[in-house]
Amino acid sequence: MSPSRSAQRIVRDVVFVDGVRTPFGKAGEKGIYAGTRADDLVVKCIRELMRRNPSLPADRVDEVAIAATTQTGDQGLTIGRTAALLAGLPRSVPGFAIDRMCAGAMTAVTTTASGIGFGAYDVVIAGGVEHMGNHPMGAGADPNPRFMSERLVDPAALNMGNTAENLHDRFPAITKDRTDAYAAASQAKLAAAYTHEQIQRDLVPVATMKPGQGWALHTTDEPPRPGTTLEDLAELRTPFRAHGRVTAGNAAGLNDGATAAVLASAEAAEELGLSVKMRLVSYAFAGVEPEVMGIGPVPATEKALKNAGLGIEDIGLFEINEAFAVQVLSFLDHFGIADDDPRVNRYGGAIAVGHPLASSGVRLMNQLARQFEEDPSVRYGITTMCIGLGMGATVIWENPHHADYASSLSEPATNATTAPTEGAAA
C-alpha cells in the first residue's frame with residue numbers, strides 16, 4: 001500500500017484591488033437608464049475593471065459573483081455567469097448569482113473573499129446590480145401566507161419605509177429634525193466630494209439611447225440634490241405614516257446602477273502587479289427583528305469587531321449605507337458617535353447618491369478605499385449596511401497606506417489535515 005498523504009488547508013490574506021461603478025440613476029421612465037438592460041450595466045463595470053488593471057490576465061479570474069435582489073428578466077439567468085460571458089471573459093471563467101437584498105454586492109465580496117482565503121480562488125470579480133425601474137422591489141414576489149397567518153412578522157416588516165418609522169418609535173431621541181439635518185449634510189458632503197473629484201475616478205461612463213432622444217453619455221450620478229436645505233426637507237410629505245418622520249428627503253430613493261470589484265489573495269496581487277487598496281480584516285452578518293431591520297448594522301458590527309479583536313474606538317472611518325437617516329443615527333447613537341462625526345460618510349451617502357439595492361456594498365468599499373488613500377493616519381475602517389427582512393452586514397478593512405500595515409500581514413499558513421487513505425498505518 002502507498003503511504004498516506006496529508007492534505008493542506010491554506011489561510012491567506014485577501015485584498016481589495018480595485019472597484020468601479022456606473023453612475024447611479026433614478027428609477028422610472030424619466031431615469032437615465034430607462035430602456036437600458038441591467039446586465040449591460042454590469043458588463044460595463046467588468047470591462048472597465050479589466051481595462052484599468054492591464055496586468056490581470058482574463059484567464060486568471062477564477063470566479064465572477066454578481067448580486068441582484070430581483071433575479072428575473074435582465075437580472076436573471078445566473079447573472080454572474082452571463083455577465084462574464086457578455087464581458088468577453090474566457091469561457092473557462094465560472095460565475096454565479098447571489099441575493100441578500102441590499103447587501104447583495106457585499107455578500108458577493110465576502111463569499112468570494114472566503115474562497116480566496118481558503119485557497120479555492122486567487123482572483124475574483126464580485127459586485128451587484130439593481131435596475132429598480134425594470135424590477136421594482138418586491139415585483140413578482142409571492143410571500144408565504146404563513147408570514148401573516150402565523151404572525152411570524154408584522155405586515156409592516158415587508159415595507160422598508162414602515163420599518164424606518166418603527167425605528168423612530170423605538171428611539172424617540174431620533175427626531176425628524178435630526179434626520180433632516182443628517183440628510184442635508186449628506187447632500188452637502190457628496191457635492192463637496194464631486195467638487196474635489198473624489199467620486200468621479202471610480203465611475204464608468206455609460207452611453208444610453210432613448211427613442212426620439214438619441215444617444216447620451218452619463219458620467220455623473222443622477223439622484224443628488226445639491227443645495228438641499230432643512231426648509232426644503234421640512235416641506236416633504238411622510239408617505240408611510242400620517243404625521244410620520246420618514247420622507248423622500250431623509251431616505252435613499254429608488255435607483256438603477258451596478259458595481260464590481262476585483263479581489264485577490266495578497267500573493268496573487270504581488271505576483272500580478274495589482275494594486276492593493278484595502279485588506280479584509282473580518283466580516284459578519286446578523287439577524288434582527290424584521291420590523292426594525294435598520295438596527296441590523298449594530299449587532300453585525302459588534303460581531304465583526306469581536307472576530308477581529310478590535311473595538312469601535314479602533315475604527316477611523318465609517319462607510320454606512322444610508323437607506324434611511326434614522327437607521328444611520330440609531331447606529332451612531334448605539335456606539336456613542338456624534339451625528340456630524342468627521343469619520344462618518346465623508347463623501348456623503350445613499351440619501352444623496354442613491355441606493356440601487358444589491359449594488360451598494362461595493363460603492364461603500366470604493367469610497368472607503370479612496371479615503372484610506374487620502375488619509376494614511378487611519379488604520380481600520382468599516383463598510384456596513386442594514387438589510388431587508390431584518391439583517392445587518394459589516395466588513396472591516398485595513399488601510400495599506402498606514403505605517404503599521406506590513407506588520408499585520410500573515411505569513412502563508414498551512415494547517416495539515418490527514419486525508420484518510422485505505423491501508424494507512426495506524
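Of the possible donor and acceptor atoms, none in the side chain of H218 sits under 3.5 Å from a partner among the backbone N and O of T22. Side-chain atoms of S186 never come within 3.5 Å of backbone atoms of Y182 as a donor-acceptor pair (strictly under, hydrogens ignored). Although no hydrogens or angles enter the test, the distance criterion places a donor-acceptor pair under 3.5 Å between the side chain of H168 and the main chain of I174. Between the side chain of E165 and the backbone N or O of F240, no donor-acceptor pair lies under 3.5 Å. With hydrogens and angles ignored, the 3.5 Å screen pairs no side-chain donor or acceptor of N255 with any backbone N or O of F24. The closest donor-acceptor contact from the side chain of D74 to the backbone of R37 lies at 3.5 Å or more, if one exists at all. For the pair K303 (side chain) and F285 (backbone), a donor-acceptor distance under 3.5 Å is present. A donor-acceptor distance shorter than 3.5 angstrom exists from the side chain of T384 to the backbone of A393, with no hydrogens or angles considered. Proximity of a side-chain donor or acceptor of D39 to a complementary backbone N or O of A83 within less than 3.5 Å is not detected. Side-chain atoms of N399 come within 3.5 Å of backbone atoms of V378 as a donor-acceptor pair (strictly under, hydrogens ignored).
The closest side-chain donor-acceptor pair between S359 and T259, if any, does not fall under 3.5 angstrom. Remark: the Q71 side chain and the D99 side chain contain no N/O donor-acceptor pair separated by less than 3.5 Å. Looking at H196 and E374, their side chains never bring a donor and an acceptor atom within 3.5 Å of each other.
Considering only heavy atoms from C-beta on, I315 stays 4.5 Å or farther from F335 through its side chain. Residues M293 and M101 fail the side-chain proximity criterion, which asks for heavy atoms closer than 4.5 Å. Looking at D122 and S265, their side chains come closer than 4.5 Å, going by heavy atoms from C-beta outward.
Note that the CD atom of E48 and the CG atom of N53 stand 9.5 Å from one another [nearest 0.5 Å]. Interatomic distance, L357 CG to H131 NE2, rounded to the nearest 0.5 Å: 12.5 Å. To the nearest 0.5 angstrom, L305 atom CG is 4.5 Å from I396 atom CD1. Note that the CD atom of Q327 and the CD1 atom of I295 stand 8.5 Å from one another [nearest 0.5 Å]. Annotation: the span from D375 atom CG to H401 atom NE2 amounts to 10.5 Å, rounded to 0.5 Å. Rounding to the nearest 0.5 angstrom, the gap separating the CG atom in N166 from the CG atom in D154 is 7.0 Å.
A salt bridge is defined here as a Lys NZ or Arg NE, NH1 or NH2 lying under 4.0 Å from an Asp or Glu carboxylate O, and K277 with D18 meets this definition. Here D340 does not pair with K189 in a salt bridge; the nearest charged N to carboxylate O distance is not below 4.0 Å.
Remark: of the listed residues E319, Q198, R343, E319 is the sole one forming a side chain to side chain donor-acceptor pair (under 3.5 Å) with Q371. The salt bridge (Lys or Arg N to Asp or Glu O under 4.0 Å) with R245 is formed by just one residue from the set D180, D169, D177; it is D169.
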Test side chain to side chain contact (heavy atoms under 4.5 Å, CB included) on N134 and Q75 and set out the steps.
CA-CA 9 Å; N134 290 354; Q75 291 182 179; 5.9 Å; no
Walk me through it: do D221 and R363 pass the test salt bridge (Lys or Arg N to Asp or Glu O under 4.0 Å)?
CA-CA 12 Å; D221 295 300; R363 178 190 66 80; over 6 Å; no
Given R52 and D202, is the side chain to side chain contact (heavy atoms under 4.5 Å, CB included) satisfied, shown in steps?
CA-CA 10 Å; R52 284 170 41 140; D202 295 324; 3.0 Å; yes
Dump the intermediate steps for side chain to side chain contact (heavy atoms under 4.5 Å, CB included) on C102 and H355, then the final yes or no.
CA-CA 8 Å; C102 305; H355 174 32; 3.4 Å; yes
Should T69 and E130 be marked as a side-chain hydrogen bond (donor to acceptor under 3.5 Å, both in side chains) after you check the CA-CA gap, both sets of side-chain angles, and the distance that decides it?
CA-CA 7 Å; T69 302; E130 209 72 54; 2.9 Å; yes
Go through F318 and L332 one step at a time and tell me if the side chain to side chain contact (heavy atoms under 4.5 Å, CB included) criterion holds.
CA-CA 10 Å; F318 295 83; L332 299 181; 5.9 Å; no
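In this structure, E270 places its CD atom where only 12 or fewer heavy-atom neighbours from other residues, nucleotides or ligands lie under 6.0 Å away. Other residues, nucleotides and ligands contribute only 12 or fewer heavy atoms inside 6.0 Å of the CZ atom of R91. For CZ of F147, the number of neighbouring non-hydrogen atoms (other residues, nucleotides, ligands) closer than 6.0 Å is 12 at most. Within a 6.0 Å radius of CG in L254, no more than 12 heavy atoms belonging to other residues, nucleotides or ligands are found. Other residues, nucleotides and ligands contribute at most 12 non-hydrogen atoms within 6.0 Å of the CZ atom of R170.
Cation-pi contact between R370 and Y347: absent, since separation from the ring centre below 6.0 Å together with deviation from the ring axis within 45° is not met.
Minimum interatomic distance between A304 and T394 (heavy atoms only, all atoms of both residues): CB-CG2, 4.0 Å. Nearest heavy-atom pair, S330 versus V298, reported as atom, atom and distance to 0.1 Å: O-CG2, 4.5 Å. When all heavy atoms of L280 and A113 are compared, the closest pair comes out as CD1-CB, 3.8 Å. Closest of all the heavy-atom pairs between Q187 and I351 is NE2-O, 3.6 Å. Considering every non-hydrogen atom in both P57 and L272, the closest pair reads CD-CD2, 3.9 Å. The two residues E398 and D404 come nearest to each other via the heavy atoms OE2-O, 4.3 Å.
Legend: residues meeting side chain to side chain donor-acceptor pair (under 3.5 Å) with Y121, ordered by chain and number and at least two apart, are E63. By the side chain to side chain contact (heavy atoms under 4.5 Å, CB included) test, L77 is found to be paired with T82, residues two or more places apart in sequence or in another chain being considered.
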